[in-house]
Undergrad: 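Shown below is the structure under consideration.
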Amino acid sequence: MSYIGILITYIFIQNFILVQFMGLCPFIGVSKNSESAIGMGIAVTFVTGIASVVCYAVHTFLLVPFALEYLRTIAFILVIAALVQLVEMVIKKMSPALYQALGIYLPLITTNCAVLGIAIINIDEGYNLLESFTAGIAAGLGFTLAIILMSNIREKLEMTPVRKVFRGVPIAFISASLMALAFMGFDSSLITNLHLG
Amino acid sequence: MAIFLAFIVIAVLGLVLGVGLQFAEGKLKVEKDEKLEELEAAMPGANCGGCGFAGCSAYAEAVYKGEAEPGLCSPGGAELARRMGEILGIKVEVKEREVAFVFCQGGKDDTITEFEYKGMSDCNAAALLHGGPNGCKEGCLHLGSCMEVCPVGAISRNESGNLVVDKERCIGCKKCTKVCPNGVIKMVPYSAEYIVACNNHESGAKVRTYCQKGCIGCKMCELKVENSPFKVDNFLSSNNYALDQSSAAKAAEICPKKCIVKR
(Lines give C-alpha, C1' and ligand atoms only; values in the text may rest on other atoms or scores of the structure.)
Protein backbone atom coordinates (compact mmCIF):
# COMPACT_ATOMS: atom_id res chain seq x y z
CA MET A 1 0.00 0.00 0.00
CA SER A 2 1.29 3.46 -0.83
CA TYR A 3 2.01 6.00 1.89
CA ILE A 4 -0.99 8.12 0.89
CA GLY A 5 -3.08 4.95 1.06
CA ILE A 6 -1.84 4.32 4.62
CA LEU A 7 -2.58 7.90 5.62
CA ILE A 8 -6.14 7.76 4.27
CA THR A 9 -6.70 4.33 5.80
CA TYR A 10 -5.81 5.34 9.36
CA ILE A 11 -7.19 8.86 9.30
CA PHE A 12 -10.59 8.02 7.79
CA ILE A 13 -11.32 4.39 6.98
CA GLN A 14 -9.86 2.85 10.13
CA ASN A 15 -10.20 5.95 12.30
CA PHE A 16 -9.09 4.82 15.73
CA ILE A 17 -11.86 6.46 17.71
CA LEU A 18 -14.85 6.46 15.43
CA VAL A 19 -14.36 3.15 13.65
CA GLN A 20 -12.14 1.01 15.88
CA PHE A 21 -13.34 2.52 19.20
CA MET A 22 -9.88 2.81 20.70
CA GLY A 23 -8.78 5.64 22.98
CA LEU A 24 -12.27 6.70 24.04
CA CYS A 25 -11.20 7.86 27.51
CA PRO A 26 -9.32 11.01 26.45
CA PHE A 27 -11.79 11.42 23.56
CA ILE A 28 -14.61 12.08 26.04
CA GLY A 29 -12.42 13.47 28.82
CA VAL A 30 -10.46 16.18 27.01
CA SER A 31 -12.97 17.22 24.33
CA LYS A 32 -14.68 19.92 26.40
CA ASN A 33 -12.85 22.77 24.71
CA SER A 34 -11.04 22.82 21.39
CA GLU A 35 -7.74 24.24 22.65
CA SER A 36 -6.92 21.37 24.98
CA ALA A 37 -8.36 18.95 22.39
CA ILE A 38 -5.79 20.15 19.86
CA GLY A 39 -3.06 19.86 22.50
CA MET A 40 -4.15 16.33 23.34
CA GLY A 41 -4.30 15.45 19.64
CA ILE A 42 -0.77 16.69 19.05
CA ALA A 43 0.52 14.85 22.13
CA VAL A 44 -1.12 11.58 20.99
CA THR A 45 0.13 12.04 17.41
CA PHE A 46 3.63 12.57 18.72
CA VAL A 47 3.43 9.47 20.90
CA THR A 48 1.88 7.23 18.22
CA GLY A 49 4.45 8.38 15.64
CA ILE A 50 7.48 7.80 17.85
CA ALA A 51 6.00 4.66 19.44
CA SER A 52 5.46 3.11 15.99
CA VAL A 53 9.11 3.60 15.10
CA VAL A 54 10.50 2.50 18.45
CA CYS A 55 8.17 -0.49 18.70
CA TYR A 56 9.06 -1.50 15.16
CA ALA A 57 12.75 -1.30 16.11
CA VAL A 58 12.24 -3.22 19.34
CA HIS A 59 10.29 -5.91 17.51
CA THR A 60 12.69 -6.27 14.57
CA PHE A 61 16.02 -5.93 16.33
CA LEU A 62 15.27 -7.29 19.79
CA LEU A 63 12.30 -9.65 19.82
CA VAL A 64 12.65 -11.37 16.43
CA PRO A 65 16.37 -12.30 16.77
CA PHE A 66 15.70 -13.87 20.19
CA ALA A 67 12.43 -15.49 18.99
CA LEU A 68 10.49 -13.60 21.66
CA GLU A 69 7.64 -12.25 19.48
CA TYR A 70 5.14 -13.45 22.07
CA LEU A 71 6.50 -10.78 24.46
CA ARG A 72 5.61 -7.93 22.12
CA THR A 73 2.65 -6.65 24.17
CA ILE A 74 4.63 -6.25 27.39
CA ALA A 75 7.69 -4.88 25.58
CA PHE A 76 5.56 -2.35 23.69
CA ILE A 77 3.79 -1.21 26.86
CA LEU A 78 7.19 -0.67 28.47
CA VAL A 79 8.34 1.44 25.52
CA ILE A 80 5.09 3.42 25.36
CA ALA A 81 5.08 4.13 29.10
CA ALA A 82 8.62 5.49 28.90
CA LEU A 83 7.72 7.60 25.87
CA VAL A 84 4.70 9.09 27.57
CA GLN A 85 6.86 10.01 30.55
CA LEU A 86 9.18 11.76 28.16
CA VAL A 87 6.32 13.61 26.45
CA GLU A 88 5.01 14.63 29.86
CA MET A 89 8.38 16.09 30.81
CA VAL A 90 8.65 17.94 27.52
CA ILE A 91 5.16 19.42 27.78
CA LYS A 92 5.72 20.38 31.41
CA LYS A 93 8.86 22.22 30.36
CA MET A 94 7.53 23.79 27.17
CA SER A 95 3.94 24.65 28.04
CA PRO A 96 2.79 24.52 31.67
CA ALA A 97 -0.64 25.81 30.58
CA LEU A 98 -1.18 22.85 28.27
CA TYR A 99 0.15 20.56 31.01
CA GLN A 100 -2.52 21.92 33.35
CA ALA A 101 -5.26 21.60 30.73
CA LEU A 102 -4.44 17.98 29.88
CA GLY A 103 -4.25 17.05 33.54
CA ILE A 104 -4.61 13.37 34.33
CA TYR A 105 -5.26 12.47 30.66
CA LEU A 106 -1.63 13.04 29.77
CA PRO A 107 -0.23 10.15 31.85
CA LEU A 108 -3.29 8.20 30.71
CA ILE A 109 -1.90 8.15 27.15
CA THR A 110 0.20 5.33 28.60
CA THR A 111 -2.90 3.22 28.79
CA ASN A 112 -4.42 4.68 25.63
CA CYS A 113 -5.08 1.55 23.60
CA ALA A 114 -4.79 3.52 20.36
CA VAL A 115 -1.03 3.78 20.93
CA LEU A 116 -0.55 0.09 21.67
CA GLY A 117 -3.08 -0.67 18.92
CA ILE A 118 -1.12 1.04 16.16
CA ALA A 119 2.14 -0.56 17.32
CA ILE A 120 0.60 -4.04 17.10
CA ILE A 121 -1.26 -3.33 13.83
CA ASN A 122 2.06 -2.25 12.28
CA ILE A 123 3.58 -5.62 13.11
CA ASP A 124 0.51 -7.60 12.03
CA GLU A 125 0.31 -5.77 8.70
CA GLY A 126 4.04 -6.32 8.13
CA TYR A 127 4.84 -2.65 7.54
CA ASN A 128 8.46 -1.56 7.16
CA LEU A 129 9.99 1.23 9.25
CA LEU A 130 8.77 4.16 7.16
CA GLU A 131 5.33 2.62 6.64
CA SER A 132 5.05 2.08 10.41
CA PHE A 133 5.95 5.69 11.05
CA THR A 134 3.38 6.86 8.48
CA ALA A 135 0.71 4.64 10.00
CA GLY A 136 1.56 5.94 13.49
CA ILE A 137 1.31 9.57 12.41
CA ALA A 138 -1.91 8.82 10.50
CA ALA A 139 -3.45 7.14 13.53
CA GLY A 140 -2.56 10.18 15.63
CA LEU A 141 -3.98 12.53 13.00
CA GLY A 142 -7.17 10.49 12.88
CA PHE A 143 -7.42 10.78 16.66
CA THR A 144 -6.76 14.53 16.43
CA LEU A 145 -9.40 14.95 13.72
CA ALA A 146 -12.02 13.10 15.75
CA ILE A 147 -11.27 14.90 19.01
CA ILE A 148 -11.27 18.34 17.34
CA LEU A 149 -14.61 17.65 15.64
CA MET A 150 -15.96 16.39 18.94
CA SER A 151 -14.73 19.40 20.91
CA ASN A 152 -16.36 21.79 18.45
CA ILE A 153 -19.62 19.89 18.67
CA ARG A 154 -19.45 19.93 22.46
CA GLU A 155 -18.75 23.67 22.52
CA LYS A 156 -21.90 24.15 20.44
CA LEU A 157 -23.83 21.75 22.68
CA GLU A 158 -23.06 23.98 25.68
CA MET A 159 -25.22 26.70 24.11
CA THR A 160 -27.97 24.34 23.00
CA PRO A 161 -31.05 23.63 25.06
CA VAL A 162 -30.54 19.96 25.84
CA ARG A 163 -32.84 18.00 28.13
CA LYS A 164 -31.42 17.81 31.61
CA VAL A 165 -31.05 14.02 31.60
CA PHE A 166 -28.94 14.19 28.44
CA ARG A 167 -26.79 17.16 29.43
CA GLY A 168 -23.02 16.64 29.63
CA VAL A 169 -21.54 13.24 28.91
CA PRO A 170 -24.71 11.44 27.68
CA ILE A 171 -25.31 13.84 24.78
CA ALA A 172 -21.57 13.71 24.04
CA PHE A 173 -21.78 9.93 23.64
CA ILE A 174 -24.83 10.24 21.39
CA SER A 175 -23.05 12.83 19.22
CA ALA A 176 -19.98 10.59 19.08
CA SER A 177 -22.05 7.62 17.92
CA LEU A 178 -23.68 9.71 15.17
CA MET A 179 -20.19 10.79 14.07
CA ALA A 180 -19.11 7.16 14.09
CA LEU A 181 -22.06 6.30 11.80
CA ALA A 182 -20.90 8.99 9.40
CA PHE A 183 -17.35 7.60 9.40
CA MET A 184 -18.70 4.18 8.44
CA GLY A 185 -19.21 5.85 5.03
CA PHE A 186 -15.46 5.69 4.44
CA ASP A 187 -15.04 2.22 3.04
CA SER A 188 -11.90 0.31 2.13
CA SER A 189 -13.11 0.35 -1.48
CA LEU A 190 -12.09 4.01 -1.40
CA ILE A 191 -8.46 2.93 -1.55
CA THR A 192 -9.09 0.67 -4.55
CA ASN A 193 -11.12 3.28 -6.40
CA LEU A 194 -8.46 5.95 -5.86
CA HIS A 195 -5.85 3.47 -7.15
CA LEU A 196 -3.82 3.86 -3.98
CA GLY A 197 -3.63 0.15 -3.23
CA MET B 1 16.72 -21.30 28.78
CA ALA B 2 14.19 -19.38 26.72
CA ILE B 3 12.58 -18.03 29.85
CA PHE B 4 15.90 -16.60 31.06
CA LEU B 5 16.39 -14.98 27.70
CA ALA B 6 12.93 -13.42 27.88
CA PHE B 7 13.65 -12.19 31.41
CA ILE B 8 17.00 -10.69 30.42
CA VAL B 9 15.71 -9.01 27.25
CA ILE B 10 12.79 -7.33 29.03
CA ALA B 11 14.96 -6.39 32.02
CA VAL B 12 17.60 -4.81 29.77
CA LEU B 13 14.95 -2.98 27.79
CA GLY B 14 13.43 -1.63 31.01
CA LEU B 15 16.83 -0.65 32.36
CA VAL B 16 17.78 1.22 29.18
CA LEU B 17 14.46 3.08 29.16
CA GLY B 18 14.77 3.86 32.87
CA VAL B 19 18.27 5.26 32.54
CA GLY B 20 17.17 7.23 29.48
CA LEU B 21 14.28 8.75 31.42
CA GLN B 22 16.55 9.62 34.32
CA PHE B 23 18.86 11.37 31.90
CA ALA B 24 15.95 13.23 30.28
CA GLU B 25 14.63 14.23 33.69
CA GLY B 26 17.95 15.89 34.44
CA LYS B 27 17.91 17.74 31.12
CA LEU B 28 14.27 18.77 31.17
CA LYS B 29 13.85 19.51 34.85
CA VAL B 30 11.61 22.47 35.49
CA GLU B 31 13.38 24.87 37.78
CA LYS B 32 11.35 25.16 40.96
CA ASP B 33 11.87 27.62 43.70
CA GLU B 34 13.27 26.12 46.90
CA LYS B 35 10.43 27.61 48.92
CA LEU B 36 7.84 25.96 46.70
CA GLU B 37 9.55 22.62 47.07
CA GLU B 38 9.65 23.05 50.83
CA LEU B 39 5.96 23.95 50.84
CA GLU B 40 5.08 20.87 48.82
CA ALA B 41 7.07 18.71 51.19
CA ALA B 42 5.24 20.20 54.18
CA MET B 43 1.78 19.36 52.80
CA PRO B 44 0.03 16.35 54.28
CA GLY B 45 -0.27 14.79 50.81
CA ALA B 46 -3.81 13.53 51.33
CA ASN B 47 -5.01 15.33 48.16
CA CYS B 48 -8.47 15.61 49.72
CA GLY B 49 -9.39 18.80 47.87
CA GLY B 50 -10.92 20.35 50.98
CA CYS B 51 -8.97 23.56 50.34
CA GLY B 52 -10.72 24.01 47.00
CA PHE B 53 -7.68 23.20 44.88
CA ALA B 54 -6.96 20.18 42.69
CA GLY B 55 -4.57 18.66 45.20
CA CYS B 56 -1.87 19.35 47.73
CA SER B 57 0.74 20.55 45.25
CA ALA B 58 -1.78 22.78 43.45
CA TYR B 59 -2.64 24.41 46.78
CA ALA B 60 1.05 24.77 47.69
CA GLU B 61 1.64 26.51 44.38
CA ALA B 62 -1.31 28.86 44.89
CA VAL B 63 -0.04 29.79 48.35
CA TYR B 64 3.43 30.31 46.95
CA LYS B 65 2.10 32.68 44.28
CA GLY B 66 0.04 34.52 46.88
CA GLU B 67 -3.25 33.51 45.27
CA ALA B 68 -4.42 31.58 48.31
CA GLU B 69 -4.17 32.04 52.03
CA PRO B 70 -2.23 29.62 54.19
CA GLY B 71 -4.45 27.75 56.61
CA LEU B 72 -7.14 26.50 54.22
CA CYS B 73 -5.93 22.95 54.67
CA SER B 74 -8.06 21.21 57.26
CA PRO B 75 -5.98 18.00 57.66
CA GLY B 76 -2.86 20.14 58.17
CA GLY B 77 -4.64 22.50 60.54
CA ALA B 78 -3.02 25.30 62.48
CA GLU B 79 0.33 23.52 62.63
CA LEU B 80 0.66 23.50 58.83
CA ALA B 81 -0.49 27.12 58.52
CA ARG B 82 2.26 28.14 60.95
CA ARG B 83 4.83 26.07 59.06
CA MET B 84 3.78 27.60 55.72
CA GLY B 85 4.15 31.06 57.16
CA GLU B 86 7.62 30.12 58.39
CA ILE B 87 8.69 28.93 54.94
CA LEU B 88 7.34 31.97 53.14
CA GLY B 89 8.53 34.35 55.84
CA ILE B 90 5.09 35.87 56.35
CA LYS B 91 2.97 36.20 59.43
CA VAL B 92 0.03 33.85 59.42
CA GLU B 93 -3.03 34.51 61.51
CA VAL B 94 -4.23 31.13 62.56
CA LYS B 95 -7.97 31.11 62.09
CA GLU B 96 -10.33 29.00 64.06
CA ARG B 97 -11.92 26.02 62.41
CA GLU B 98 -15.33 26.77 60.96
CA VAL B 99 -18.24 24.35 60.99
CA ALA B 100 -21.63 24.41 59.33
CA PHE B 101 -24.78 25.29 61.25
CA VAL B 102 -28.44 25.11 60.22
CA PHE B 103 -29.96 28.52 60.89
CA CYS B 104 -33.52 27.31 61.33
CA GLN B 105 -35.44 25.44 64.00
CA GLY B 106 -38.89 25.72 62.52
CA GLY B 107 -40.11 22.13 62.69
CA LYS B 108 -43.55 21.02 61.57
CA ASP B 109 -45.14 21.89 64.93
CA ASP B 110 -43.90 25.46 64.86
CA THR B 111 -44.46 26.48 61.26
CA ILE B 112 -47.33 26.54 58.82
CA THR B 113 -47.20 25.16 55.31
CA GLU B 114 -48.96 26.82 52.39
CA PHE B 115 -49.54 23.67 50.40
CA GLU B 116 -48.67 20.02 50.36
CA TYR B 117 -45.54 19.28 48.33
CA LYS B 118 -45.57 15.86 46.70
CA GLY B 119 -42.65 16.23 44.30
CA MET B 120 -39.27 14.57 44.46
CA SER B 121 -37.54 14.65 47.80
CA ASP B 122 -34.99 17.33 46.98
CA CYS B 123 -34.75 20.83 48.44
CA ASN B 124 -33.77 22.50 45.19
CA ALA B 125 -36.70 20.89 43.37
CA ALA B 126 -39.11 21.96 46.11
CA ALA B 127 -37.73 25.51 46.12
CA LEU B 128 -38.55 25.86 42.41
CA LEU B 129 -42.26 25.52 43.20
CA HIS B 130 -43.34 28.86 44.75
CA GLY B 131 -40.24 28.81 46.96
CA GLY B 132 -41.26 25.59 48.64
CA PRO B 133 -44.29 24.54 50.70
CA ASN B 134 -43.26 26.43 53.87
CA GLY B 135 -44.91 29.69 54.83
CA CYS B 136 -41.38 30.96 55.53
CA LYS B 137 -39.56 31.17 52.24
CA GLU B 138 -36.14 31.53 53.86
CA GLY B 139 -36.25 28.60 56.23
CA CYS B 140 -35.20 24.98 56.09
CA LEU B 141 -37.20 22.83 53.65
CA HIS B 142 -36.46 19.66 55.67
CA LEU B 143 -35.96 17.46 52.61
CA GLY B 144 -32.34 16.76 53.47
CA SER B 145 -30.39 17.63 50.33
CA CYS B 146 -27.58 18.70 52.65
CA MET B 147 -27.50 15.26 54.25
CA GLU B 148 -26.93 13.73 50.85
CA VAL B 149 -23.98 15.93 49.89
CA CYS B 150 -22.22 15.74 53.26
CA PRO B 151 -19.12 13.60 52.64
CA VAL B 152 -18.74 12.63 56.31
CA GLY B 153 -22.39 12.16 57.30
CA ALA B 154 -22.27 14.96 59.87
CA ILE B 155 -25.83 16.13 59.21
CA SER B 156 -28.75 14.29 60.77
CA ARG B 157 -32.38 14.82 61.79
CA ASN B 158 -33.24 15.40 65.42
CA GLU B 159 -36.43 14.16 67.07
CA SER B 160 -38.51 17.13 65.83
CA GLY B 161 -37.42 16.54 62.23
CA ASN B 162 -35.00 19.45 62.07
CA LEU B 163 -31.61 19.07 60.45
CA VAL B 164 -28.62 19.49 62.70
CA VAL B 165 -24.90 19.48 62.02
CA ASP B 166 -22.60 17.54 64.30
CA LYS B 167 -19.81 20.03 64.90
CA GLU B 168 -17.33 17.33 65.88
CA ARG B 169 -17.72 15.50 62.60
CA CYS B 170 -18.05 18.53 60.29
CA ILE B 171 -14.88 19.07 58.25
CA GLY B 172 -15.91 22.50 56.98
CA CYS B 173 -16.04 21.60 53.28
CA LYS B 174 -19.03 23.96 52.67
CA LYS B 175 -20.78 21.52 50.36
CA CYS B 176 -24.04 21.83 52.33
CA THR B 177 -23.93 25.64 52.29
CA LYS B 178 -23.74 25.50 48.51
CA VAL B 179 -26.50 22.96 47.95
CA CYS B 180 -29.07 24.63 50.21
CA PRO B 181 -31.43 26.71 47.99
CA ASN B 182 -32.37 29.06 50.85
CA GLY B 183 -28.89 29.53 52.26
CA VAL B 184 -30.05 28.32 55.68
CA ILE B 185 -26.73 26.60 56.38
CA LYS B 186 -23.93 28.98 57.16
CA MET B 187 -20.46 28.63 58.63
CA VAL B 188 -19.87 29.47 62.30
CA PRO B 189 -16.70 29.24 64.40
CA TYR B 190 -16.25 25.88 66.07
CA SER B 191 -16.37 27.43 69.54
CA ALA B 192 -19.51 29.53 68.92
CA GLU B 193 -21.99 28.81 71.71
CA TYR B 194 -25.02 31.05 71.22
CA ILE B 195 -26.35 31.27 67.70
CA VAL B 196 -29.44 32.99 66.33
CA ALA B 197 -31.01 29.99 64.63
CA CYS B 198 -33.17 31.84 62.13
CA ASN B 199 -32.68 33.01 58.57
CA ASN B 200 -35.84 35.07 58.03
CA HIS B 201 -35.45 38.76 57.15
CA GLU B 202 -39.12 39.68 57.13
CA SER B 203 -40.77 41.96 59.68
CA GLY B 204 -41.90 40.57 63.03
CA ALA B 205 -45.63 40.68 62.26
CA LYS B 206 -45.14 38.54 59.16
CA VAL B 207 -42.81 36.06 60.82
CA ARG B 208 -45.34 35.56 63.64
CA THR B 209 -48.01 34.46 61.18
CA TYR B 210 -46.10 31.41 60.02
CA CYS B 211 -43.38 30.50 62.54
CA GLN B 212 -43.33 30.25 66.32
CA LYS B 213 -39.52 30.15 66.48
CA GLY B 214 -38.50 32.84 64.04
CA CYS B 215 -36.52 35.99 64.84
CA ILE B 216 -38.94 38.93 64.77
CA GLY B 217 -36.25 41.59 64.93
CA CYS B 218 -37.44 42.98 68.29
CA LYS B 219 -33.90 44.04 69.25
CA MET B 220 -34.33 42.77 72.83
CA CYS B 221 -31.06 40.89 72.58
CA GLU B 222 -29.25 43.94 71.27
CA LEU B 223 -30.63 46.66 73.55
CA LYS B 224 -31.68 45.01 76.82
CA VAL B 225 -28.32 43.37 77.48
CA GLU B 226 -25.15 45.25 78.25
CA ASN B 227 -22.15 44.60 76.00
CA SER B 228 -24.33 42.52 73.76
CA PRO B 229 -22.57 40.76 70.89
CA PHE B 230 -25.90 40.61 69.04
CA LYS B 231 -26.89 43.04 66.33
CA VAL B 232 -30.23 43.22 64.55
CA ASP B 233 -30.00 44.07 60.89
CA ASN B 234 -32.89 43.87 58.43
CA PHE B 235 -35.20 42.27 61.04
CA LEU B 236 -32.74 39.47 61.79
CA SER B 237 -30.43 39.27 64.76
CA SER B 238 -26.95 37.87 64.41
CA ASN B 239 -24.14 37.14 66.83
CA ASN B 240 -20.77 38.75 66.21
CA TYR B 241 -18.50 35.97 67.43
CA ALA B 242 -15.48 38.27 67.54
CA LEU B 243 -17.05 40.26 70.42
CA ASP B 244 -17.18 39.33 74.08
CA GLN B 245 -19.66 36.48 74.51
CA SER B 246 -20.13 36.77 78.29
CA SER B 247 -23.61 38.36 78.05
CA ALA B 248 -24.84 36.05 75.28
CA ALA B 249 -26.45 33.66 77.77
CA LYS B 250 -28.60 36.47 79.18
CA ALA B 251 -29.66 37.55 75.72
CA ALA B 252 -30.67 33.99 74.89
CA GLU B 253 -32.80 33.98 78.02
CA ILE B 254 -34.73 37.14 77.25
CA CYS B 255 -35.30 36.35 73.59
CA PRO B 256 -39.13 36.19 73.36
CA LYS B 257 -39.09 33.67 70.53
CA LYS B 258 -36.27 31.59 72.00
CA CYS B 259 -34.50 31.52 68.72
CA ILE B 260 -31.06 32.15 70.22
CA VAL B 261 -29.94 28.60 70.82
CA LYS B 262 -27.09 27.26 72.88
CA ARG B 263 -25.03 24.66 71.13
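Here the structure is a predicted model, which means the values were calculated and not measured. We name chains A, B, ... by the order of the sequence lines, and we start the count at 1 in each one.
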Undergrad: Heavy atom to heavy atom, less than 4.5 Å: which residues from residues 33-48 of chain A reach chain B?
TA: none
Undergrad: Can you tell me if E155(A) has over 12 outside heavy atoms packed within less than 6.0 Å of its CD?
TA: yes
Undergrad: Counting neighbours of CG on L181(A) that are heavy atoms of other residues, nucleotides or ligands and sit closer than 6.0 Å, is the number greater than 12?
TA: yes
Undergrad: Return yes when atom NZ of K32(A) has more than 12 non-hydrogen atoms of other residues, nucleotides or ligands closer than 6.0 Å, and no otherwise.
TA: no
Undergrad: What do you reckon, is OH of Y190(B) surrounded by more than 12 foreign heavy atoms closer than 6.0 Å?
TA: yes
Undergrad: NE2 of H201(B): more than 12 outside heavy atoms within 6.0 angstrom?
TA: yes
Undergrad: Report, as yes or no, whether the 6.0 Å neighbourhood of atom CZ on F23(B) holds more than 12 heavy atoms from other residues, nucleotides or ligands.
TA: no
Undergrad: Are there more than 12 heavy atoms of other residues, nucleotides or ligands under 6.0 Å from atom CD of E67(B)?
TA: yes
Undergrad: Answer yes or no: does atom NZ of K206(B) have more than 12 heavy-atom neighbours from other residues, nucleotides or ligands under 6.0 Å?
TA: no
Undergrad: Report, by ascending residue number, the residues of residues 66-96 of chain A in heavy-atom contact with chain B at a distance under 4.5 Å; give 'none' if the set is empty.
TA: F66(A), L68(A), Y70(A), L71(A), I74(A), A75(A), L78(A), V79(A), A82(A), Q85(A), L86(A), M89(A), V90(A), K92(A), K93(A)
